[in-house]
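Below: one structure, written as C-alpha cells.
All values derive from a computational prediction rather than experimental measurement. Order of the sequence lines fixes the chain letters, A, B, ..., with proteins taken first and strands second; residue numbering starts at 1 for each chain.
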4 protein chains.
Amino acid sequence: MLQALREEVYKCNMLLPENDLVKMTSGNVSGRDPQTNLVVIKPSGVAYEKLSPENMVIVDLDGNVVEGDLTPSIDTETHLVVYRARPDVFGMVHTHSTYATSFAVLGQPIPPVTTTCGLIGGGVPLGRFACFGGETIGHEVVNVIGDSYAVIMQSHGVFTIGHSASHATRVAVEVEEMAKIAHLAMLRGKPIILTPEQIREVSSGYVNDYGQKK
Amino acid sequence: MLQALREEVYKCNMLLPENDLVKMTSGNVSGRDPQTNLVVIKPSGVAYEKLSPENMVIVDLDGNVVEGDLTPSIDTETHLVVYRARPDVFGMVHTHSTYATSFAVLGQPIPPVTTTCGLIGGGVPLGRFACFGGETIGHEVVNVIGDSYAVIMQSHGVFTIGHSASHATRVAVEVEEMAKIAHLAMLRGKPIILTPEQIREVSSGYVNDYGQKK
Amino acid sequence: MLQALREEVYKCNMLLPENDLVKMTSGNVSGRDPQTNLVVIKPSGVAYEKLSPENMVIVDLDGNVVEGDLTPSIDTETHLVVYRARPDVFGMVHTHSTYATSFAVLGQPIPPVTTTCGLIGGGVPLGRFACFGGETIGHEVVNVIGDSYAVIMQSHGVFTIGHSASHATRVAVEVEEMAKIAHLAMLRGKPIILTPEQIREVSSGYVNDYGQKK
Amino acid sequence: MLQALREEVYKCNMLLPENDLVKMTSGNVSGRDPQTNLVVIKPSGVAYEKLSPENMVIVDLDGNVVEGDLTPSIDTETHLVVYRARPDVFGMVHTHSTYATSFAVLGQPIPPVTTTCGLIGGGVPLGRFACFGGETIGHEVVNVIGDSYAVIMQSHGVFTIGHSASHATRVAVEVEEMAKIAHLAMLRGKPIILTPEQIREVSSGYVNDYGQKK
C-alpha cells in the first residue's frame, strides 16, 4: 500500500542522520498521499539503521493506524494537525537540529542571511513552548509558520513543511545550515539581512531556474 | 558467560565513537547483570575497532576479574563504587565528550534548555576534581548525581547512569547534544531554562509515551 | 568527448561533499579544455551520489550545450563570464561553505592568517551582492578577485579559480579551513595577519617546493 | 626494508584524516628506527587514499633518500632537525589541526585544562613564525617544546613528538581535542587551569595505570 510514498518517506528519514540533523532515534519525516489523504510516518523510537520502507506506519488523518505493526512517531498528532489545516502540505519534517535549536532555546527567530533562504521562504519564525506529542504544538506550528516552509518551537526544535516529503526534507537541511551561518556571523558582528525584494528574487531563482525540468 | 550483556555492552561502547563522543581509546561503557551482580566493562586502552563482545572484561563488584584476558578499563573502580551505592543502576558510561567537558573545565553545570532534558533528568550537575582511576571520583559521582542520570566532573568529563547500558548510553549522547546547544545559545544571549514543571512534563512524555511498547 | 576532463571534473565535484563544503545539491565545479575552450560542468540540482563522469554537461563559452542530456548548473553563466575574461583560468568552483559564508553574510573579507594562505593567494576579497544565475555575479567575481584564487560574494558564498579544476578545488577546501581558523581566533582576540612578505614566502614554498615533481 | 616501521608510519598517517586533523594532502607523520637511525616519512603532496606502507619514503638523518621513488614530505628537514637534537624522540607528527591552529594564529599557547593533558605533558607552548620546509622551523620546535610532547608554531600549526610514531599521533589527537575544549570554554569564561601537581598526577595515571601491560 502506497509503496512509492513509503520509499520516499523512508529515504527522507534516512537523510536526517546523513545530514547530521538528528541524534539516536529523534526526528521524523512524514508524507501525505494526495489521493487517499493517508499519511506515511516513521515509527516511534526505532533506530534509523532498523528503518525500512516496510516498517513505516500508515495512519489516516484522525490518527488511526491503517497499516503497520509499530507505534507511529510520538509527533504524529502534530503532523496530522498541520495536514488537516493545510491542504497544500504533503510532507513534514521534525528535528532538533543543533544550530536551529540554539535559536529556539534563546526564543529568537532565525534571520534570512543567505541566498539559500530562497528555499525556506525567508527567515524562520518562532513558536511558543508546548510539550511534544499533543495537538497544542501542532496548532502553534500552523499559527506561526505563515508563508514560510519552516518554524522553530521554543526550547524544542524545528518543523518544516513542503509540497512533498522530499521538499520538506530539503528545507530542514537548509534551515540548519542557514542557522549555523547566522550563528557564526552573529558572534562576530551584525549579519546583513536580505531585503524582502532580495528574498523574492532568490526564491524565484530556486523555483523557476534551478534543477532539471520535469 | 553473560553473552547477551556482553553483546549489549559491546554495542554501547561502539556507539561512543559512532556518536563522536570519544577520541582514540578514551571512554567506556559497562553493564551490570541483575542476577549475578557481575559487571561487563570495556578493556583499558584498546582501540574501538578491536573491541568485540568476546574481549569485554567481566568483574565482580569488588573488582576481581571473573572472565577475560585483558586489563579492565582504568575507570572500573569508579563504575563499581556507583554500582555498590546504587542498586537501581545497571549501566554506566564515561566520556570526555567535547561540549559537556567545556562546561566541566569552567566548573559550571549544564542547564536544562531543551525538551530532550527529559531524557537526562533535567540539567547536569557538576562534581569536584578528582584524578581518574580511583574510588574518590566514584564517591563524588554518587554524592553529586542525585536524581539526574548524568554528572560532569570538573576538568575531566561526563559520567552517566541508567537502568541498562543502553539507557546510560542514550543519556550520554543527549548530554553532549544539550551541552552543545546550551553552549551555542550562551554565546549569543541567555537561554531560556525549562521550569521544574516543564521538566516533569517532558520527562513523563519520554517515559510514558515514547517508543514501542514492550 | 573530453573524457579525461569529464573524469577530473566529476572527481572534483565529489570532493565538495567529501570535504563537507556543500549541502544536498548545492555547489559545482567546472573545468575548461585548453584545446577547444569547451567547459565541463555539473548538471543542475542533481544529487551528488547520482553524478558520474558521463552526466557532466559540456557547454561552449557562449553557454550552448554541446553534449549532455541534462540542464547544466544554474551557475554556468557565472563560470563562463569568468572563463571569457580570464584566459589563464581552467577550473572554477562554487560553494556555500559554512565558515567562509559567515564572512560573506557579515560583508567582511577573510584575512590571511595561516601559512596555507600561500595556496589561496593571500586573503579572500569580498564582492557585492548579486542574485545567483546571471552574468552580473560573474562580472563581480572578475572585478574583485584580482590576483587571488578566491572571492566571497556578499550574503551568498565562495567562488574559486585555478589552473585546473583540481587546483580550484584545492583552493576551495583551503579557503573554508582558513575561514574557520580565522573565525575561531577572532572570537578570542585579534589574529596575527601575515605580512605581504610572509605571504610571498609561503606562496613560493607551495609553488616551488611542495608535492611531487612532474 | 624496515617493513614494521613502514606499516606503523603508514597507519599513523591514515589516523590524521580519520581523526579530522588534516585537509587534502597536508600533515605528515614520521618514525625513526632505533637500530639504524633511518626515518620513514610520508611523501610530499600525495593524497591520503593513495598512501601505502610501500610508498613511504626512507631517509637518513642527513636527508638523503635511502629508499623510495617519491619526494619526501616538504617538512622532512624539520623532522630531521628534531631527531638529530633529541635522541629520545622516535616519532613525530605535523598537522594544521583547526582548533590548535586557532591558538597559533593568535600567538597564544594552549592551556592545560583537561585531565587528558597528562598525555601531552601539560599545556602546549608556542614557537615563533618560520616558513615551513627549512631548518629554522626545526630549531624553533626544539628550543620551545621543552618537556612537552607538543608545540604550536605561530600562524602555522602543530608539531608533536613521542617515543614512537604511534605515541606522537596519539598526542596530536589529544592536542586538538584539548584545544577545542579550551576554545569553547574561553568563549564563555575563564577555564580552570590544572595545577602542576594535578598535571603530574594525571600524567602518572596515564603512564603507569592506563592500557594493557606489555
If you look at every heavy atom in [X] and [Y], which pair is closest and at what distance?
{"X": "A:Ala185", "Y": "C:Val105", "value": "CB-CG2, 3.4 Å"}
{"X": "C:Leu106", "Y": "A:Gly189", "value": "CD2-C, 3.6 Å"}
{"X": "C:Ser44", "Y": "A:Tyr210", "value": "OG-C, 3.8 Å"}

field: Pick from A:Glu176, A:Arg188, A:Glu177 with the largest number of heavy-atom pairs that fall under 4.5 Å of chain C
entry: A:Arg188
message: Tell me which of these, A:Thr169, A:Ile193, A:Ile181, has more heavy-atom pairs under 4.5 Å with chain C than the rest.
response: A:Ile181
Residue A:Leu184 versus chain C: region with a heavy atom under 4.5 Å: both
- prompt: Side chain, backbone, both or neither: which part of A:Val202 has an atom under 4.5 Å from a heavy atom of chain C?
  reply: both
With a 4.5 angstrom heavy-atom cut-off, is it the side chain or the backbone of [X] that approaches chain A, or both, or neither?
{"X": "C:Pro43", "value": "both"}
{"X": "C:Phe129", "value": "side chain"}
{"X": "C:Thr25", "value": "both"}

query: Under a 4.5 Å cut-off applied to non-hydrogen side-chain atoms, are C:Cys131 and A:Gln198 in contact?
result: no
message: For a 4.5 angstrom cut-off between non-hydrogen side-chain atoms, does A:Lys180 reach C:Tyr99?
response: yes
Nearest-0.5 Å distance, [atom1] of residue [X] to [atom2] of residue [Y]:
{"X": "C:Leu187", "Y": "A:Leu187", "atom1": "CG", "atom2": "CG", "answer": "5.5 Å"}
{"X": "C:Met24", "Y": "A:Leu119", "atom1": "CE", "atom2": "CG", "answer": "9.5 Å"}
{"X": "A:Ile192", "Y": "C:Gln154", "atom1": "CD1", "atom2": "CD", "answer": "3.5 Å"}
{"X": "C:Thr98", "Y": "A:Met178", "atom1": "OG1", "atom2": "CE", "answer": "13.5 Å"}
{"X": "A:Thr116", "Y": "C:His96", "atom1": "OG1", "atom2": "NE2", "answer": "6.5 Å"}
{"X": "A:Thr115", "Y": "C:Met153", "atom1": "OG1", "atom2": "CE", "answer": "10.5 Å"}

